[in-house]
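The structure follows.
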Amino acid sequence: MPDIGFVNGRFLPLEEATVSVEDRGFQFGDGVYEVIRTYHGRPFHLDAHLARLERSAKAIELPLPWNIQQWTAHVHEGIKRGGYAESKVYLQLTRGAAPRDHSFPASTKPTAVMTVREMRPMDPALQASGVTVMTMDDWRWGRCDIKSVNLLPNVMARQKAKQAGAFEAVFVRNGLVTEGAVSNVMTVKAGHVLTAPEGEQILSGVTRTVMLDLIRKEGLPVEERFVALDEFLRADEIFLTGTTVEVLPVVGVDGQPIGSGKPGPVTQKLQAAFQRFVG
Ligand code: PLP
């Protein structure tokens, strides 16, 4: 089965899908994106992803070429064409191709790209054993709520973490934990789940929102507030949430064990709740 490409409304094999070298996504990172996965062949919380795409596009003054119903139809069509048991859908919208100039072109047609690939879930052994993370300075810009394609700080951070043998980079701004390079971060202290509040310092994850709901349903107290680095290092438990990581225990930070050094009971309970939720 070929991977699926899609450019401006046209489906084609992925290797034939191309955009101009003058595309502003390529030239300036002038674009936004979404990553959506399926469970049981159905896109998970597609409405929430498309609403976030709309918010991101609006924040950079980029008009959407289609309404939500049309995007939904394109995503469903892509998943159908891919024919995978589980799919990973990538959507990218840029300000289109124009001669290079930082300010917006007078008139431009946005470029909309989609790819559909097989979704390979995370290694279940890693989900069970947990991962380690590395903290680092949050050197990103001030609008982390926009899911922009400018991912260089995240790319550099994740590479540094990888080189240090850690799974994820966790950003710290002014002494406060914000989020991971590809995930949101949740900290458990004395039975309370703490996570950075929505705002310009984090990307409000679709999985984060689902988890906050599940945590409340499980009857656990939740606080949406920043956690200081020293509090983070003394946490009982930590876990990450995200489309690709789902609910992933963190058992070590910067080479030090967290709690018992094994996935804790709250994390395991919430992992199980998430798995029940996605069926
Ligand atoms: N934070 C950042 C910086 C991300 O890149 C992502 C996902 O890519 C997330 C959080 C998690 O978001 P979601 O749960 O919508 O995948």
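Both ligands and their constituent atoms are indexed starting at 1 by order of listing.
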| query | If we ignore angles and hydrogens, is there a donor and acceptor under 3.5 Å between the side chains of Thr187 and Glu231? | reply | no
| message | Give me each pair satisfying side-chain hydrogen bond (donor to acceptor under 3.5 Å, both in side chains) with a member in residues 260-273, each pair once, sequence neighbours excluded. | response |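 Qualifying pairs, neighbours excluded: Gln127-Gln271, Glu237-Thr267.
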| said: Pair Arg234, Lys189 - check side-chain contact (heavy atoms from CB on, under 4.5 Å), show working. | reply: CA-CA 8 Å; Arg234 287 183 286 103; Lys189 191 74 190 169; 4.2 Å; yes
| said: Using the ring pair (Phe, Tyr, Trp, His ring centres under 6.0 Å) criterion, which residues pair with Phe167? Sequence neighbours excluded. | reply: none
Acceptor/donor pairs from residues 9-16 side chains to any protein atom, 3.5 angstrom cut, sequence neighbours excluded:
none

Do any nitrogen or oxygen atoms of ligand 1 lie under 3.5 Å from a protein nitrogen or oxygen, and which ones?
unit_1   : atom_1 : unit_2 : atom_2 : d
ligand 1 : 1 (N)  : Glu179 : OE1    : 2.7
ligand 1 : 8 (O)  : Lys147 : NZ     : 3.0
ligand 1 : 14 (O) : Val206 : N      : 3.3
ligand 1 : 14 (O) : Thr207 : N      : 3.0
ligand 1 : 14 (O) : Thr207 : OG1    : 2.6
ligand 1 : 15 (O) : Arg52  : NH1    : 2.9
ligand 1 : 15 (O) : Arg52  : NH2    : 3.0
ligand 1 : 15 (O) : Val206 : N      : 2.8
ligand 1 : 16 (O) : Thr243 : N      : 2.9
ligand 1 : 16 (O) : Thr243 : OG1    : 2.5

| Hey, are the side chains of Arg208 and Ile202 touching, using non-hydrogen atoms and a 4.5 Å cut-off? | yes
